[in-house]
Amino acid sequence: MAPRVAALVGSTAVGKSRVAIEVAEAISAEIVSVDSMQIYAGMTIGTDQPPQDWRQRVPHHLIAEKDPSEELTVAEFQARGRAAIDDITERGRVPLLVGGSGLYFRALVEDLDFPPRAEDVRARLEDELEELGAAALHERLSELDPAAATRIEPGNARRIVRALEVIELTGKPFSDGYDFDRYDSIYRLAVAGLNRSRADIYARIERRVDEMLDAGLLDEAAALRASGPSRTARQALGYRQIYEATESGALSDKELRAAIVAATKKFAKRQEAWFRADPRVLWFDADDPDLTAQLIAFYRNTLEVP
RNA sequence: GGCGAGGUAGCUCAGUUGGCAGAGCACGCGACUGAAAAUCGCGGUGUCGACAGUUCGAUUCUGUCCCUCGCCA
């Protein structure tokens, strides 16, 4: 029988981490972070990693485990996450997946098999992109893999290049072997989503960005920059805006703060769209005073855990 | 008070030699298989400051008024 897995998803700043602690204690769960940036060490403030005292109450996995000078890929995250889930399950406890990285979540709980990658092929396609433009490469994709071409917009150079890379490496269409509209879990899965009004999310984001700046985000970002962050680590919200500001010059503190807030709001919207599309998610009101009890009951009933 | 500039989308502004008003941002919605906190797609916004005049037709031309900013007094 498939292992039981509990999950708590939702957009940034909705309040997942906090409620997850109490829920985890109640159902003897350990938390597996599903977050593409909290996995990096040294990005404590900007990625809003759960504080030490929370982590002492409940074991957390995939938080501050990876050196920011290294790139992270979905495939690696999938392997690490699966290992954590297996480990927790073997010890007789319940994995509680908590996070908002949509693709990473699906990579963990579904049978997604990521085709290989090759830097040299990628580099050549990037050169061609430079020369011919995205539209030309999209046209090529329509010939090689019509199904993929209809699902990737002609302007989306990144995904077009990736599709062509996979076709070249595997000799098979990019669209082969999976159906992204199916949401088949490999675990016995209970997914709760945390809901909050847009206005509340936005207000919480603004407050949190202020708190991060007060807590020394600028210094943390400078230290990270000096250590040579990988391409994936440096694009984390907050850090990215700080680096752009220092490179292109003159942004006032106020403008910088506004840029971070704006980018984070956009991100929250994308996250909501992602999880709204997932039929497995059962939604809960984050403001409900009874939220913790409801979540505990939901996981107990669905997974039949103590 | 005088002179100058300006009042167009929630914001910043473009524009119409007079013919159903448009960009960016914001906002909303969506897509998503080794960069995903990435990348990309779709969408609506309006008494064109007010009133009058000229005109088949005025946001555009004319007049008066109101408001904002700057300089001078």
Side-chain angles (χ1 to χ4, degrees), chain A residues 11-13 33-40 43 46-49 68 70-80 99-119 121-123 125-126 129 134-135 137-138 145 147-163 165-167 169-170 172-183 198-199 201-202 205 208-209 212 221 229-243 255 258-278:
Chain A
S11 75
T12 187
S33 166
V34 186
D35 191 299
S36 63
M37 293 300 170
Q38 287 189 351
I39 194 171
Y40 282 119
M43 297 171 68
T47 68
D48 200 32
Q49 287 169 351
E70 293 172 18
E71 279 197 11
L72 178 72
T73 67
V74 210
E76 181 190 334
F77 188 87
Q78 182 183 51
R80 283 172 172 261
S101 295
L103 176 62
Y104 285 22
F105 173 68
R106 295 194 67 175
L108 288 191
V109 303
E110 291 167 37
D111 186 24
L112 294 186
D113 192 17
F114 295 93
R117 197 175 66 162
E119 282 309 325
V121 176
R122 176 79 61 100
L125 287 165
E126 300 280 359
L129 173 68
L137 292 196
H138 189 265
D145 185 352
T150 60
R151 298 199 72 150
I152 301 177
E153 289 93 355
N156 199 337
R158 171 134 340 150
R159 298 221 292 130
I160 294 168
V161 166
R162 170 61 184 155
E165 177 193 24
V166 169
I167 293 168
L169 288 170
T170 64
K172 289 189 293 194
F174 181 61
S175 55
D176 250 24
Y178 76 93
D179 179 357
F180 217 56
D181 294 333
R182 265 202 340 245
Y183 288 86
R198 209 28 94 61
I201 294 269
Y202 283 3
I205 286 172
R208 203 175 67 180
V209 170
M212 287 176 177
S230 65
R231 186 172 52 173
T232 48
R234 88 170 67 232
Q235 72 193 9
L237 287 168
Y239 306 89
R240 175 180 177 176
Q241 284 74 30
I242 290 169
Y243 299 150
E255 288 169 320
I260 297 172
V261 166
T264 308
K265 287 178 180 177
K266 279 192 254 194
F267 173 52
K269 285 192 277 194
R270 270 180 276 136
Q271 289 179 298
E272 283 184 10
W274 183 283
F275 290 112
R276 245 194 317 251
D278 190 330

Residue [X], side-chain atoms from C-beta onward, closest of [options]:
X      : options             : value
A:K269 : B:C40, B:A36, B:G28 : B:G28
A:R162 : B:A36, B:G34, B:A31 : B:G34
A:E153 : B:G41, B:C29, B:A37 : B:G41
A:F267 : B:G28, B:A37, B:A31 : B:A37
A:R240 : B:U39, B:A35, B:G28 : B:U39
A:L237 : B:A36, B:C29, B:A37 : B:A37
A:F114 : B:A37, B:G34, B:A36 : B:G34
A:A273 : B:G34, B:A37, B:G30 : B:G30
A:R270 : B:A36, B:A31, B:C27 : B:A31
A:V74  : B:G34, B:C40, B:A37 : B:G34

What about [X], does its side chain sit under 3.5 Å from the base of [N] through a donor-acceptor pair?
X      : N     : value
A:E126 : B:A35 : yes
A:R122 : B:A35 : yes
A:N156 : B:A31 : no

* Structure fact -> Rounded to the nearest 0.5 Å, the CD atom of A:Q271 sits from the OG1 atom of A:T264 at a distance of 9.5 Å
Pairing partner of [N] (Watson-Crick or G-U wobble, both distances under 3.5 Å):
N     : value
B:A9  : none
B:A14 : none
B:U45 : none
B:A31 : B:U39
B:U59 : none
B:C69 : B:G4

* Within 45° of the axis and under 6.0 Å from the centre of the six-membered ring of A:F174, does NZ or CZ of A:R159 qualify? ->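 No, cation not above the ring by the 6.0 Å, 45° rule.
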* How far does the C1' atom of B:C72 sit from the matching atom of B:U60, given to the nearest Å? ->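 Rounded to whole Å, the distance is 32 Å.
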* Between B:C56 and B:C20 - C1' atom distance, rounded Å -> 16 Å
* Asked: Using 30° and 60° as the class limits, which term best fits the ring planes of A:Y104 and A:F77: parallel, tilted or perpendicular?
  -> tilted
* To do: Give the rounded distance in Å between these two atoms: CH2 of A:W274 and C1' of B:A37.
  =>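 Rounded to whole Å, this separation is 13 Å.
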* To do: Calculate the interatomic distance between A:E71 atom CD and B:G34 atom C1'; express it in whole Å.
  =>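 Those two atoms, CD and C1', are 10 Å apart.
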* Asked: Are A:R270 and A:E272 within salt-bridge range, i.e. N to O under 4.0 Å?
  -> no
* Is it the case that more than 12 heavy atoms not belonging to A:D179 sit under 6.0 Å from its CG atom? -> yes
